[in-house]
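This report concerns only the one structure given below.
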Amino acid sequence: MATIDVAVPPEEVLNVNVGVLGHVDSGKTSLVKTLSTLLSTAALDKSKQSRQRGMTLDLGFSCFFLDVPTHLAEKYPEKSKLQMTLVDCPGHASLIRTIIGGSQIIDMVLLVVDAYKGWQAQTTECLVLAELTSPHIIVALNKIDMFSPSEREGRLEKAKQDVWRRLKKTRFSNCTLVGVSACVGGEKAAAAGDEEGQHKSTIPNTNSNHDTLNVDVLVKKLQEELPPPKRDFSEPTFYFSIDHCFPIRGQGTVLTGTVLSGKIDVNAMLEFPTLGFERKVKSMQMFRRKVQQIGQGDRAGICVSNLDSKLLERGIAASPGAVQLLKGAIAVVRKVQYFDGTLKCGSKFHVSVGHTTIMATVTFWGAHEFEKNGVTENGERNVLPQQSQSKNKAKALLGHSSLGGDADMAGLPRIKFDFEQDFLQQNSLLEELDGKSSNLLHWAMLDFQTPVYCPLDSLIIGSRLDVEAPEASSSSSCRLAFSGRLVEKIDPAIDANRLKLYSPKARSGLIAKLGDPYRRDDDEKMVRYEVFGDDLFKKETNMKIFTGMKVVTKYDEVGEIKGSFGTSGQFRVWFPQGTEAVVGDELILEFKRYLNDDKKIMYQDIVLPPERVGTRVEMQQKSKKKKVKIVNGEVVSLKGDILESNGKHTAAIIQGFFTPDVNIRERIGVKVFIPSTKEEGKIVGSFGKAGKCKVSFADGISANVGTKAEMHS
C-alpha cells in the first residue's frame, strides 16, 4: 500500500468504494485504520459522540492506493492508479438506517466477522445488504490473535466452516475468507493514537504503530478479486448521494458524498430536490485534490455557495429536473429469506432509497399472476417501459439509488405494470403457492408517509426497524423484510382505486329437472340443451340480476342462466353445446368482485362457447300402472245357482262398497276380491236401495256370510 503520488493526475485514478460491514465490535474501524493511508473529514470515528461511546455511529471514509491490477487495466487503460475508498459502516443494530445507506454507495463488500465470537446477529443483516447491493464480497475473519498460536490454525478453519455454512445458500458461497488481525493485542490499541495526527488530512500508513496478522494477504486478495466497477459516464442523469454537509468560511458549503450515476463539471448547476432550489458548483475535490469533473463511482466533495449547511445533513443532489417527487410508487418486490415475520397488507415498513429512509404503508399482490405467467428474475416477458417523453428525457427519469448493486443484482425483473390487468386480492405477501415454498415475486404499492425524491428503477429495501433487533442467539434472522425495484410513480389517493384487485366468489345449486333429450350431431352423444336448477337462489331473489350469468357443471360445460322457472327460486339454464349432467348434479356460479367497486357488481371471465347442434330424440312413453284403490265390504248373502263341479254359489250380495246415493250401474265390471278364499268376481248390478251390489263369481264363491270382501278400482 502507498500514498498517492501527487504527480498522478486525478483523472488517471480509478476509485473503487469498498463497504466495510459487520457486527458491532468485530474490529471494522481497526481494520480500516490499518489499511488506510489517507483520511477524509469523516473517518475513524472522529465525531465526539463516537469517541464517547467507543463505537462507530456514522459512516467513515478513508482510502489507500494500489497499482491497477491486470484485469482492470484491460478495461480501464487510461487509469494508472487504484484508489480503494473504504466506507466504514456502523455495526450496532440501532444504526441499521446508516448501514443501509452505506451499503448502497459501494462497489463491493468487505464483510468483517469476529473469528473468536463467530457469526452474530447484525452479520446476517450485513450479508443481506451485501446480497442486494454488492456483486462481490471478501470475508475478513478478524481477531485471530485471540487464538493461541498452537490452536490458531484449527480454530480458524472451524470459524471458516461456520461462515461457509452461512453463505451456502447465497451467491457468495465460493467467496474468499481471510483470517486477519487488524491489531494484535486488542482494538483499543488501534483506536488510540496521536489525536493531532488523526485530524490531519493525510497521515502515513499506521501499520507501524501496532502489529497485524495477514493484512497484506487481505490486501492482495482485494486487489486480485476486485470486480470491474460499474462506470457509465454517458448517463444523462447526475445523481449524488450526500452523506455529510459542512460550511467552510469564505468558500461556501461542502457536500461530501458518492456519485451514483452520470458526471458533473465545475460551474454546472446542481439541484437540491428536497430544498426546492439549484446552486452552481464552485469547486470540487477528491480527497483534498481539486478536480474539474467527477463521475460515477467517485468519492468527492462539492462546494456550492448560498446554502445553509444546517438545511441538509444527508440526501441527494442531481441534475436539474431529473429526480421525481414520489407520493407513492408501484414496485416489484421479493421477500428477504432471513426475515421471519409475515408481511401483511396495510402494514407500515421503513423503506430505504439510498440514504433516505421513510415510513410507507405497503400493499402486496400479484404472486398468482407472476407464477401463472412464468415471469422470472430476468423479467423477459415485459421490459420496463420508457416514458412518454423523448428518449433522452425518459432515460433521465430512470436512475439508480445505489452504486455497485441495483435491482438487477437483487434479482428483481424489469417489468411493466398494467393497471388494466386483474389481480387476485391478497391479505399478505405469500411465501408459498400450491403447497410449495418459493421466494415469490409480488407487486407492491408504497404509500409514503411523506413524499420522497428518488429516480424510478431504483433499488429499495423495506425493513421493520420498529421491532427489537435479533439477539446474538438469533443470528439467522434479520429486520430487513423485502427488496424491490421502483417501477411506476403514483398518487396513492387517486391511483389506489385504479388497481383491479378482486376476490373470487362462488355459489352452487343442483339440477332439479332435465329438458328434452337431443343427440348431438358431431359426436352422437345424448345431451340436454336446457336444464332447470334449484337451491342456488331464494324465491324472493331478483333473477334479473343473474340473468345472462354463466354456470358450470362438473364436466366443465358452460351454460347461461335464462331466467326464473316458477316462483320457488328455480331457474332455467341453456347450454349451447349441451350437457351430459343429470338430475342432482351441481351447477356452480363463479364470479368476482373488485375491492374498489362500491356497487359490488359481479364480474365473470367465463365465455359462452359456440353452439353444437343436435337432433331431438322422441322418447317412448312408458305405460303407467294405475294405482289400485281398495274399498272394503262384507258378504251379506249368497245367491245364484250352485255349480255342480264344486258346489259353490255363483253370486253373492255384498254391502259396504257404496253409499245409497251412488249409481252402482256405473261400476259394473269392477273387480271384487275375497282375501280369505282368494276368489275373484265382478260387480253385475245393484241389489236393493241400501248401496248393496250383486257380484258374480264365474268359478263360484265358497266364502260364508260375514266374510270380508275387497273392491279393487
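Side chains included, hydrogens not; waters and symmetry mates left out as well; all remaining heavy atoms used. Bear in mind that the values here come from a model prediction, so they are computed numbers and not experimental data.
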Requested in this report: Please work out whether the ring planes of Phe272 and Phe277 are parallel, tilted or perpendicular, with thresholds of 30° and 60°.
Outcome: tilted
**Report entry** His23 (side chain) donor-acceptor with Gln122 (main chain) under 3.5 angstrom
**Finding:** yes
Report summary line: To the nearest 0.5 Å, atom CG of Leu275 lies from atom CG of Leu307 at 6.5 Å
Requested in this report: Kindly determine whether Val32 and Leu35 satisfy side chain to side chain contact (heavy atoms under 4.5 Å, CB included), including the steps that lead there.
Outcome: CA-CA 5 Å; Val32 167; Leu35 293 171; 5.9 Å; no
Query raised in the report: Taking the side chain as C-beta and beyond, is there a heavy-atom pair between Met284 and Gln292 under 4.5 Å?
Result: no
Report summary line: Heavy atoms of Leu127 and Arg166 approach each other most closely as CD2-O, 4.2 Å
Requested in this report: Check the pair Asn439 / Arg334 against side chain to side chain contact (heavy atoms under 4.5 Å, CB included), numbers first and verdict last.
Outcome: CA-CA 7 Å; Asn439 198 2; Arg334 192 191 300 277; 3.1 Å; yes
Query raised in the report: Hey, is Lys348 close enough to Asp447 for a salt bridge, meaning N to O under 4.0 Å?
Result: no
Report task. Taking all non-hydrogen atoms of both residues into account, name the closest pair between Pro451 and Lys327 and its distance. Result -> CG-CG, 4.3 Å
Query - Asp308 atom CG: more than 12 heavy-atom contacts under 6.0 Å - result: yes
Report task. Identify the residue among Arg231, Met84, His136 that makes a side-chain contact (heavy atoms from CB on, under 4.5 Å) with Asp107. Result -> Arg231
Report task. Mark yes or no for whether Arg279, through its side chain, and Asn306, through its backbone, hold a donor-acceptor pair below 3.5 Å. Result -> yes
Query raised in the report: In this structure, which one of Val8, Leu38, Leu82 forms a side-chain contact (heavy atoms from CB on, under 4.5 Å) with Phe65?
Result: Leu38
Requested in this report: Before giving the answer on side chain to side chain contact (heavy atoms under 4.5 Å, CB included), spell out for Asn267 and Asp265 the whole-Å C-alpha distance, their side-chain angles and the decisive distance to 0.1 Å.
Outcome: CA-CA 6 Å; Asn267 295 324; Asp265 298 298; over 6 Å; no
Query raised in the report: Side chains of Ser80 and Glu12: do they bring a donor and an acceptor to under 3.5 Å?
Result: yes
Report summary line: Rounded to the nearest 0.5 angstrom, the CG-OG1 distance for Leu446 and Thr363 is 9.0 Å
Query raised in the report: Do NZ/NE/NH1/NH2 and the carboxylate oxygens of Arg479 and Asp466 come within less than 4.0 Å?
Result: no
Query raised in the report: Under 3.5 Å, side chain of His71 to main-chain N/O of Leu226, donor-acceptor pair present?
Result: yes
Query raised in the report: Can you check whether Leu441 reaches Pro413 side chain to side chain, under 4.5 Å on heavy atoms?
Result: yes
Query raised in the report: Glu271 side chain to Gly321 main-chain N or O, any donor-acceptor pair under 3.5 Å?
Result: yes
Query raised in the report: For the side chain of Thr237 and the backbone of Ala322, is there at least one donor-acceptor N/O pair under 3.5 Å apart?
Result: no
Query raised in the report: Where is the tightest heavy-atom contact between Ile316 and Pro273, given as atom of each residue plus distance?
Result: O-CD, 3.7 Å
Query raised in the report: Once you round to the nearest 0.5 Å, how far does OG of Ser309 lie from NE2 of His244?
Result: 12.5 Å
Query raised in the report: NZ of Lys282: more than 12 outside heavy atoms within 6.0 angstrom?
Result: yes
Query raised in the report: What's the spacing between Cys245 SG and Leu312 CG if we round to 0.5 Å?
Result: 5.0 Å
Query - Asp457 and Arg414 ion-paired at < 4.0 Å - result: yes
Query - Tyr239 side chain reached by Cys454 side chain, heavy atoms, under 4.5 Å - result: yes
Report task. Kindly indicate, with the supporting measurements, whether the criterion side chain to side chain donor-acceptor pair (under 3.5 Å) is fulfilled by Asp243 and Thr256. Result -> CA-CA 6 Å; Asp243 47 62; Thr256 62; 3.2 Å; yes
Report task. Return the minimal non-hydrogen interatomic distance between Cys478 and Glu125, and the atom names on each side. Result -> CB-CG, 3.2 Å
Query raised in the report: Is there a side-chain contact between Arg485 and Asp408 (heavy atoms, below 4.5 Å)?
Result: yes
Requested in this report: Indicate yes or no for a side-chain donor-acceptor contact from Ser26 to the backbone of Gly22 under 3.5 Å, with no hydrogens or angles considered.
Outcome: no
Report summary line: Output for pair (Phe339 CZ, Ser463 OG), nearest 0.5 Å, gives 8.5 Å
Report task. State, yes or no, whether a side-chain contact exists between Ile264 and Ile294 at a heavy-atom distance under 4.5 Å. Result -> yes
Requested in this report: For Thr123 and Trp119, indicate whether the former's side chain and the latter's backbone hold a donor-acceptor pair under 3.5 Å.
Outcome: no
Requested in this report: Starting from the C-alpha separation in whole Å, work towards a yes-or-no answer on side chain to side chain contact (heavy atoms under 4.5 Å, CB included) for Leu110 and Leu21.
Outcome: CA-CA 6 Å; Leu110 177 58; Leu21 278 68; over 6 Å; no
Query raised in the report: To the nearest 0.5 Å, what is the distance between CD1 (Ile460) and OG1 (Thr356)?
Result: 12.5 Å
Query raised in the report: Are any side-chain N or O atoms of Arg171 and backbone N or O atoms of Glu131, one a donor and one an acceptor, separated by less than 3.5 Å?
Result: yes
Report task. Among Leu111, Leu218, Val109, find the residue that satisfies the side-chain contact (heavy atoms from CB on, under 4.5 Å) test when tested with Ile138. Result -> Leu218
Requested in this report: Give a yes or no on whether Lys79 atom NZ has more than 12 heavy-atom contacts from other residues, nucleotides or ligands under 6.0 Å away.
Outcome: yes
Query raised in the report: Are Thr70 and Leu72 close enough that some pair of their side-chain heavy atoms sits under 4.5 Å apart?
Result: no
Query raised in the report: Do Thr85 and Ile106 come within less than 4.5 Å of each other through their side chains, counting heavy atoms only?
Result: no
Report task. Give me the one residue out of Phe364, Phe482, Phe417 that meets ring pair (Phe, Tyr, Trp, His ring centres under 6.0 Å) with Trp443. Result -> Phe417
Query raised in the report: Any donor-acceptor pair under 3.5 Å linking the side chain of Gln285 with the backbone of Lys290?
Result: no
Query - Leu440 backbone acceptor or donor facing His442 side chain under 3.5 Å - result: yes
Query raised in the report: Cationic tip of Arg299 within the cone over Phe61's six-membered ring, i.e. under 6.0 Å and within 45° of the normal?
Result: yes
**Report entry** Heavy-atom pair of closest approach, residues Cys89 and Lys28
**Finding:** O-CE, 2.9 Å
Query raised in the report: Within a strict 4.5 Å, meaning less than it, do heavy atoms of the Val254 and Pro247 side chains meet?
Result: no
**Report entry** Heavy-atom closest pair, residues Gln83 and Asn15
**Finding:** NE2-OD1, 2.7 Å
